[in-house]
J.: 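Input: one structure, supplied below.
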Amino acid sequence: MGKHIPPFNNENKAIVDVNDDVTPLCYFNQVYLKQGETFQHHVEEYESVIVLAGGTCSVTVTHPELPDIVYDNIGKRASVWQGNPEAVYIPLGYSAVIECVSDKADIMIAGGKFEESLTPFCVRDDDVDIVQYGSDDTKTHRKIKHVLGQSNADRRGRLLVSELFTVGAGGWSGFPPHKHDEDRVKADGSQETLYEEVYQFRFNPDFGFGAQFLYEHEDDFGPVYHVRTGSVIAIDKGYHPSVAAPGYEMYYFTIIVGKTAKSLIQHFDPHHEYQVETIPGIKDMIAKFK
């Protein structure tokens, strides 16, 4: 049930590769480039999105039977702590050449297994859907920047990609604890959808840290992972709240891929579900996903 991949130099090679042993629906690569350097991206059977964490790139999208599409000046920020992400969506059957045009570029590539080839598009900073909920009092104040979400659901498959921030110094995320590891209609008529998930964490200041909890059943005790900047967590099932240590802002890049459904519908841990009523804004956030 899930795994922690500690920070390491991946040399621009996939950290969570195709057909991963825990999260086979998900793909994740971290790419670093210097000015003038290029990286070629192509993944069979996965739709993907190239997201600029920092720096600026030109992205040329290619298809063997179609004209090239060039997206210039993707990325306007120096790091994830400044401004909104920009991105380019790469459908099945397409490839991309990423060229760094700034001094350096920090690039995250997310992928999700899918069956249909769609149309490339870019996400500019003002296209990003921003949601904020929780409160300082409940230690759940959080901001989400959706790159692929409900606002472009008609243009992507089952790949959801977002940037999540704990607002302020310390606090909880993914709370109340929830899971999404079954495609089912529950006894009360509500649903749950099966989505696998991959996170990459970062902290501000950079030496900050947090913890990722994983447990399969509401009465279980599960593993708790010590996460730092660059830590990657892969989750195939179970409840998965996380927490940032006091004094540190936590960011994580989320890749969430559905097995059959395009909308993520969560099931909350029954012991803590009542807090959906006490955490400001969370009910609206849940409704927005559906």
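Position 1 is the first residue of the sequence; numbering continues from there. No experiment lies behind these values; they were computed from the predicted model shown.
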J.: So, applying side-chain contact (heavy atoms from CB on, under 4.5 Å) with Ser173, which one of His240, His141, Arg142 is it?
T.: Arg142
J.: In plain terms, say whether Lys262 and Glu116 are close enough for a salt bridge, that is, a side-chain N and a carboxylate O under 4.0 Å apart.
T.: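 No, Lys262 and Glu116 are not salt-bridged.
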J.: Judged by atom type as modelled, is there a donor-acceptor pair below 3.5 Å linking the side chain of Asp183 to the main-chain atoms of Leu194?
T.: yes
J.: Do other residues, nucleotides or ligands put more than 12 heavy atoms under 6.0 Å from the CZ atom of Arg77?
T.: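 Yes, because the 6.0 Å sphere around CZ of Arg77 holds more than 12 heavy atoms from other groups.
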J.: Counting only heavy atoms not in Lys259, do more than 12 fall under 6.0 Å of its NZ?
T.: no
J.: Applying salt bridge (charged side-chain N to carboxylate O under 4.0 Å, His left out), name anything that partners Glu218, two or more places apart in sequence or on another chain.
T.: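 None.
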J.: Let's go through His146 and Ser162 carefully: what are the C-alpha distance in whole Å and the side-chain angles of both, what is the deciding distance for side chain to side chain donor-acceptor pair (under 3.5 Å) to 0.1 Å, and is it a yes or a no?
T.: CA-CA 4 Å; His146 294 296; Ser162 302; 2.8 Å; yes
J.: Please check if atom CD in Glu45 has more than 12 non-hydrogen atoms from other residues, nucleotides or ligands closer than 6.0 Å.
T.: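 Counting neighbours around CD of Glu45, 12 or fewer heavy atoms of other residues, nucleotides or ligands fall under 6.0 Å, so no.
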J.: In terms of hydrophobic clustering (I, L, V, M, F, W, Y; side-chain heavy atoms under 4.5 Å; direct or indirect links), are Phe39 and Met108 co-clustered?
T.: no
J.: Relative to the ring of Phe253, is the ring of Phe28 parallel (under 30°), tilted (30 to 60°) or perpendicular (over 60°)?
T.: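 The arrangement is tilted - the two ring planes meet at 30° to 60°.
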J.: Report the residue from Ile255, Ile256, Val147 that forms a side-chain contact (heavy atoms from CB on, under 4.5 Å) with Leu159.
T.: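 That would be Ile255; it is the only one of Ile255, Ile256, Val147 passing the side-chain contact (heavy atoms from CB on, under 4.5 Å) with Leu159.
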J.: Drop me the distance from Asp103's CG to Leu33's CG, to the nearest 0.5 angstrom.
T.: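 One finds 13.0 Å between CG of Asp103 and CG of Leu33.
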J.: Output yes when a side-chain donor or acceptor of Gln212 lies under 3.5 Å from a complementary backbone atom of His226, and no otherwise.
T.: no
J.: Applying salt bridge (Lys or Arg N to Asp or Glu O under 4.0 Å), run through Glu192 and Lys186 and close with a yes or a no.
T.: CA-CA 7 Å; Glu192 177 183 355; Lys186 296 184 284 186; 5.7 Å; no
J.: Holding to salt bridge (charged side-chain N to carboxylate O under 4.0 Å, His left out), I want the full list of residues that pass it with Arg156, two or more places apart in sequence or in another chain.
T.: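 With sequence neighbours excluded, Arg156 shows a salt bridge (charged side-chain N to carboxylate O under 4.0 Å, His left out) to no residue whatsoever.
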J.: Check whether any side-chain N or O of Glu273 sits under 3.5 Å from a backbone N or O of Pro176 as a donor-acceptor pair, and report yes or no.
T.: no
J.: Spell out, yes or no, whether Ile5 and Tyr251 are grouped together once hydrophobic residues are joined by side-chain heavy atoms under 4.5 Å, including indirect joins.
T.: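 As far as the 4.5 Å side-chain criterion goes, Tyr251 and Ile5 are connected within one cluster.
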J.: Tell me if the aromatic rings of Tyr252 and Tyr199 count as close, with their centers under 6.0 Å from one another.
T.: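 Distance test on ring centres: under 6.0 Å, yes.
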J.: Once you measure the plane-to-plane angle for Tyr248 and Phe209, does it fall in the parallel (<30°), tilted (30-60°) or perpendicular (>60°) bin?
T.: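 Aromatic pair Tyr248/Phe209 classed tilted.
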J.: Would you say Phe8 has more than 12 foreign heavy atoms packed within less than 6.0 Å of its CZ?
T.: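 Buried by this count: over 12 neighbours within 6.0 Å.
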J.: Would you find a donor on one side and an acceptor on the other, under 3.5 Å apart, between the side chain of Asn29 and the backbone of Asn12?
T.: yes
J.: What's the separation between atom OG1 in Thr119 and atom NE2 in His63, rounded to the nearest 0.5 Å?
T.: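 Between atom OG1 of Thr119 and atom NE2 of His63 there are 10.0 Å.
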J.: Give the cluster check for Leu92 versus Ile90: same hydrophobic cluster or not, with ILVMFWY residues linked at side-chain heavy-atom distances below 4.5 Å.
T.: no
J.: Which is it for Lys3 and Asp21 under the salt bridge (Lys or Arg N to Asp or Glu O under 4.0 Å) test, yes or no, and what are the steps along the way?
T.: CA-CA 10 Å; Lys3 63 181 176 182; Asp21 59 344; 2.8 Å; yes
J.: Backbone N or O of Pro280 within a donor-acceptor pair of the Ser135 side chain at under 3.5 Å?
T.: no
J.: Look at the side-chain heavy atoms of Ile, Leu, Val, Met, Phe, Trp and Tyr, link any pair under 4.5 Å apart, and say whether Tyr94 and Ile50 land in one connected group.
T.: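 Yes: a chain of side-chain contacts under 4.5 Å links Tyr94 to Ile50.
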J.: Give the table of side-chain donor-acceptor pairs shorter than 3.5 Å for residues 52-62, with sequence neighbours excluded, one pair per line with atom names and distance.
T.:
| unit_1 | atom_1 | unit_2 | atom_2 | d |
| --- | --- | --- | --- | --- |
| Thr56 | OG1 | Gly75 | O | 2.7 |
| Ser58 | OG | Asp72 | OD1 | 3.2 |

J.: Assess whether a salt bridge exists between Glu115 and Arg158, defined as any Lys/Arg side-chain N lying under 4.0 Å from an Asp/Glu carboxylate O.
T.: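 Yes, Glu115 and Arg158 are salt-bridged.
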J.: Roughly how far, to the nearest 0.5 Å, is the NE2 atom of His267 from the OH atom of Tyr239?
T.: 3.5 Å
